[in-house]
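Notes follow once the structure below has been shown.
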2 protein chains.
Amino acid sequence: MALAEHACTRESAVAARIDISPCNACPVRSMSVCSALESDELKRLADILVSVKVDAGHTLFAEGDGADTLFNVTAGTMKLYKLLPDGRRQITGFLLPGDFLGLSINDTYAYSAESVTPATLCRFPRRRLEGLLEDYPKMQRRLFAMASSELAAAQDQMLLLGRKNAKERIASFLLMLSERAKRRGYPDNPVHVPMSRSDIADYLGLTTETVSRTFTQLKTSRAISLLEGGKVRLNDMETLHELAEGV
Amino acid sequence: MALAEHACTRESAVAARIDISPCNACPVRSMSVCSALESDELKRLADILVSVKVDAGHTLFAEGDGADTLFNVTAGTMKLYKLLPDGRRQITGFLLPGDFLGLSINDTYAYSAESVTPATLCRFPRRRLEGLLEDYPKMQRRLFAMASSELAAAQDQMLLLGRKNAKERIASFLLMLSERAKRRGYPDNPVHVPMSRSDIADYLGLTTETVSRTFTQLKTSRAISLLEGGKVRLNDMETLHELAEGV
DNA sequence: GTCGCGCTTTGATCTGGATCAAGGCGCAAT
DNA sequence: ATTGCGCCTTGATCCAGATCAAAGCGCGAC
């Protein structure tokens with residue numbers, strides 16, 4: 001598709017007003033993959049990395065596009081989603097800095113990727129990664145571990161989508177954001193919630209109205225406070241955890 | 001937990017009426033993992049494999065148990081599920097012969113595993129697999145590919161649970177079973193549906209009543225026929241696909 | 001400033017699937 | 001043959017969350 005193309009050549013990048021340049025920051029930011037690598041491996045990786053800067057709401061690639069590029073998020077928040085032909089949408093995950101994008105053994109992407117906020121990513125061709133993997137089996141291990149923990153998260157999300165009610169879903173969502181922020185060294189309370197009600201709805205299998213009403217309920221019962229700038233303070237962690245675990 | 005223990009020693013296996021013995025069939029059946037291995041590697045693998053036979057409805061291990069054992073399903077159907085404290089259940093997947101079980105980087109299982117039909121599994125200690133992986137990086141690759149495709153399936157399931165209605169869920173489910181059966185060389189139409197209404201409900205985020213009613217609707221509209229022995233004939237593939245894709 | 005537009009909130013109503021309830025059917029145990 | 005127990009089906013009713021509708025509320029463009 002057009003937009004994935006845009007991310008792949010310098011000319012089309014200009015056309016789509018995407019900023020691309022050699023990526024220096026990335027080997028540092030993508031420690032999550034690189035922690036198993038030696039310094040010469042990092043150097044080799046750095047040579048093929050390119051930084052991509054996009055506005056909020058930019059489609060990086062769409063479901064079905066040729067999956068020839070991998071990305072590592074270095075700044076901002078991304079969302080991944082799948083669509084049904086009539087427009088129903090399911091967001092399968094949000095990506096924070098450090099997260100990987102495009103991990104797949106297939107030759108097309110199984111989902112679309114769009115920026116929630118202005119974002120910076122570090123991209124490199126999949127072929128090159130595959131070459132690296134041959135030489136550095138430790139990196140294989142690292143990738144497997146990442147896929148594994150994504151899978152565990154996906155299973156939690158299935159439980160949420162299949163069996164939790166609206167309040168439980170929102171509580172789980174806020175706690176998940178908070179825990180992830182903490183793990184990455186960002187403030188975890190109040191937690192930053194950069195995505196729109198409609199993104200939250202499509203992630204939790206609800207409507208924007210229900211998300212809004214449920215936030216209001218939680219606010220009214222003092223479990224959370226809605227602050228400006230898309231921040232949410234988690235006041236009553238015990239109640240939130242009980243809701244999230246479905247007690 | 002007690003039942004996982006049972007699968008782990010010869011004495012307790014007897015107590016739980018599980019049949020365990022050295023596994024000869026397994027290296028052949030688990031070609032899905034082993035296809036990248038040389039014959040000496042297979043031989044080494046065979047040495048540590050043990051066959052486990054269980055009745056229908058046997059809990060192999062429960063969420064939270066120490067994840068020290070890996071399994072490969074060689075016969076029968078297994079189900080994996082997560083529970084909420086009040087008993088709500090979400091089945092995250094069904095396993096057919098050839099499927100792997102226990103792939104995880106964590107030291108405890110993230111879900112419970114129970115047999116749907118009488119089943120045979122081939123088990124071996126995780127430590128040994130990890131040793132193998134050090135020596136045979138190709139196997140790493142294979143495992144990563146498996147985790148990757150499980151992840152893709154999990155994302156499809158999120159779309160189903162978050163955004164599809166009951167009819168669409170049932171149609172997707174039947175087509176998924178049929179396609180999987182075909183890929184494994186089992187009959188794909190009529191397709192064998194060994195699990196109970198309640199298992200189907202807990203997999204699709206519905207109730208048994210809704211599953212039953214929806215089967216009846218699809219039968220009435222001639223899209224499917226319910227045959228004896230838990231078989232379902234898919235009559236109108238076009239309609240079923242349209243339902244499943246959500247046109 | 002104010003206009004317009006997109007996002008959010010709130011209210012009123014509707015509905016798909018849940019819940020509650022009652023048989024039916026197959027099959028193993030007695 | 002009868003009983004009991006798990007399923008599955010079907011019917012009646014209910015309700016959480018969807019849908020429809022209408023304001024607020026920023027905020028950037030002009």
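Keep in mind it's a predicted model, so treat the numbers as computed, not measured. Chain letters run A, B, ... following the sequence lines, proteins first, then strands; residues in each count from 1.
C/dT8 atom P lies 12 Å from atom CE of A/Met195, rounded to whole Å. When rounded to the nearest whole Å, the span between CD of B/Glu228 and C1' of C/dC25 equals 14 Å. Separating the CZ atom of A/Phe215 from the P atom of C/dC7 is a distance of 16 Å, rounded to the nearest angstrom. Between the CD atom of B/Glu209 and the C1' atom of C/dT19 there is a distance of 7 Å, given to the nearest Å.
Note that CD of A/Gln90 and CG of A/Leu204 are 8.5 Å apart. Values are rounded to the nearest 0.5 Å.
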Show me the side-chain donor-acceptor pairs of residues 173-182 of chain A shorter than 3.5 Å, one per line, residues at least two apart or across chains.
from	atom 1	to	atom 2	distance (Å)
A/Ser178	OG	A/Asp188	O	2.7
A/Arg180	NH1	A/Phe94	O	3.0
A/Arg180	NH2	A/Phe94	O	2.8
A/Arg180	NH2	A/Asp99	OD2	2.8

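Considering only residues two or more places apart in sequence or on other chains, A/Thr120 meets the side chain to side chain contact (heavy atoms under 4.5 Å, CB included) condition with A/Ser51, A/Lys53, A/Thr74, A/Ala75. Not a single side-chain hydrogen bond (donor to acceptor under 3.5 Å, both in side chains) links B/Ser115 to another residue, sequence neighbours left out. Looking at residues two or more places apart in sequence or on another chain, you find a side chain to side chain contact (heavy atoms under 4.5 Å, CB included) between A/Ala154 and B/Leu151, B/Ala154, B/Met158. Judged as a side-chain hydrogen bond (donor to acceptor under 3.5 Å, both in side chains), and not counting sequence neighbours, A/Thr77 has no contacts. Judged as a salt bridge (charged side-chain N to carboxylate O under 4.0 Å, His left out), and not counting sequence neighbours, the contacts of B/Lys79 are B/Glu114, B/Asp199.
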> Is there a side chain to side chain contact (heavy atoms under 4.5 Å, CB included) between A/Leu240 and A/Ile224 once you walk through the steps?
Replying inline: CA-CA 9 Å; A/Leu240 289 174; A/Ile224 64 171; 4.1 Å; yes
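Screening residues 158-171 of chain B for salt bridge (charged side-chain N to carboxylate O under 4.0 Å, His left out), with sequence neighbours left out, gives A/Arg88-B/Glu168, A/Asp202-B/Arg163. Sorted by first then second residue, the side-chain hydrogen bond (donor to acceptor under 3.5 Å, both in side chains) pairs that include residues 223-247 of chain B, not counting sequence neighbours, are B/Ser225-B/Asn235, B/Asp236-B/Thr239.
If one axis is set at each end of the helix from C/dG1-D/dC30 to C/dT30-D/dA1 from five pairs, those axes are 30° apart, to 10°.
Read 5' to 3', the first and last nucleotides of DNA chain D with an atom closer than 4.0 Å to a heavy atom of chain A are D/dG17 to D/dC20.
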Would you tabulate the nitrogen or oxygen pairs shorter than 3.5 Å linking the protein to nucleotides 26-29 of chain C?
none

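Note: A/Tyr109 and A/Phe61 have parallel aromatic rings, judged against thresholds of 30 and 60 degrees for the angle between ring planes.
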> Can you give one letter per nucleotide of nucleotides 12-17 of chain C, going 5' to 3': B for a protein heavy atom under 4.0 Å from the base, S for sugar-phosphate only, - for none?
Replying inline: B----S
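In this structure, A/Arg89 is positioned above the aromatic face of A/Tyr81, its NZ or CZ under 6.0 Å from the six-membered ring centre and within 45° of the axis.
Residue-level contact check: B/Thr216 touches the backbone only, with heavy atoms under 4.0 Å from sugar-phosphate atoms and none from bases.
The two residues A/Met78 and A/Ala113 come nearest to each other via the heavy atoms CE-C, 4.3 Å.
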